[in-house]
Amino acid sequence: TKPPVRVAVTGAAGQIGYSLLFRIASGDMLGKDQPVILQLLEITPALKALNGVVMELRDCAFPLLADIVTSDDPMVAFKDIDYALLVGAMPRKAGMERGDLLGANGGIFKPQGEALNAVASRDVKVLVVGNPANTNALIAQQNAPDLNPGQFTAMVRLDHNRAISQLAEQTGKPVSSIQNLTIWGNHSSTQYPDLSAATVDGQPALDLVERDWYENTYISTVAKRGAAIIEARGLSSAASAASAAIDHMRDWALGTAEGQWVSMGIPSDGSYGIPEGLIYGFPVTCKNGQYEIVQGLEVSDFSRGKMDATAQELTEERDEVRKLGLV
Ligand code: NAX
């Protein structure tokens, strides 16, 4: 059997954590032959609730769950970790400006970046889920100068999965028939769910749906799905967010299927004219634990406008956290 790997989850006593931890421990993320040690970070007042979650994890008697560590100190929780899922964050409260939100999250992601830099495995793979995810990932990355910037990623996979499911519903086809759509940019309302290269059963998706539906209904339905879940459930997406985090890490670690791509928020290398360094949603393939941007896709004028608008928003967020001295 393989030696266990160490997986850190922050915000582990929260709603996403309650779904995510059990999926990781059962082998959904890294495979049914890979034992894991969970290293769970919470703020001090949530440690009691976290202990209850740990009791339940133990009660599942998962054969792959080798050990559990809990702490309110990132230097302890991130010690020697191979994977980090940064879920805990400061949500936007009524009346909060973007600067306030970014500042509050800087207070979380700056010290976490520093702790990753100090004690994590040199090969650690980091996924930021906590919002604003792309810019939180940038803050953590910029405070971890000894790690490769490419080790820091942000989650747009929930948007990607929502985009698949909405297209499946509209075309009456199973989700498994859909390939190669892309979420470009920020995990926010400016994201661009792009069907230009997507196929349904091998046929171009844009031949199967009305252009008007695509431009005026589909894109906003995907981008506003989070709000629709809150309206219906009274709580934000949790199990679906956890499932997307599992998908993101699994594909990164174990690889994407031949001929298919997924969407990940990763540091731009300038591809497709996106300013270098922004953590931006791109189409990627993964192999041997490395991701690579899919190159050579055609970009229409419509796409260009959408891709630039979401890049512009991320540039403004970066300027804001620069002003705050967080990056
Ligand atoms: P919850 O409020 O249920 O849980 C968050 C947990 O984080 C709490 O238990 C809190 O004590 C903990 N926490 C706060 N500060 C911390 C710190 N400094 N260190 C460690 N833990 C800390 O939120 P939940 O519904 O689980 O959502 C978590 C985050 O995911 C939110 O920021 C949310 O906006 C974000 N989401 C991101 C999505 C994405 O697609 N990227 C989708 C789902 C979700 O909305």
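We count ligands from 1, going down the list as the structure has it; atoms in each ligand are counted the same way.
- Heavy atoms only, all atoms of each residue included: Leu50 and Ala12 are closest at CD1-CB, 3.6 Å.
- Looking from atom 42 (C) of ligand 1 to the surrounding protein, the closest heavy atom is Leu158 CD2, 3.7 Å.
- Put simply, part of Ala13 is less than 4.0 Å from ligand 1, judged by heavy atoms.
- At a heavy-atom cutoff of 4.0 Å, ligand 1 is contacted by the backbone of Ser237 but not by its side chain.
- Of all protein heavy atoms, the one lying nearest to atom 30 (O) of ligand 1 is Ile16 CD1, 3.4 Å.
- Contact annotation for Gln15 and ligand 1: heavy atoms of both the backbone and the side chain come within less than 4.0 Å of the ligand.
- The protein heavy atom nearest to atom 32 (O) of ligand 1 is Asn131 N, 3.0 Å.
- The side chain of Ile108, and not its backbone, has at least one atom closer than 4.0 Å to an atom of ligand 1 (non-hydrogen atoms only; side chain from C-beta on).
- Protein heavy atom at the shortest distance from atom 4 (O) of ligand 1 is Gly14 CA, 3.2 Å.
- Side chain to side chain, Ser121 and Asp80 fail the donor-acceptor criterion of an N or O pair below 3.5 Å.
- Neither the backbone nor the side chain of Met90 has any atom closer than 4.0 Å to an atom of ligand 1 (non-hydrogen atoms only).
- Between Gln191 and Asp159, the side chains place a donor N or O and an acceptor N or O closer than 3.5 Å (distance only, hydrogens not considered).
- Nearest protein heavy-atom contact of atom 21 (N) of ligand 1 is Gly11 N, 3.3 Å.
- Annotation: atom 9 (O) of ligand 1 to nearest protein heavy atom, Glu42 OE2, 2.6 Å.
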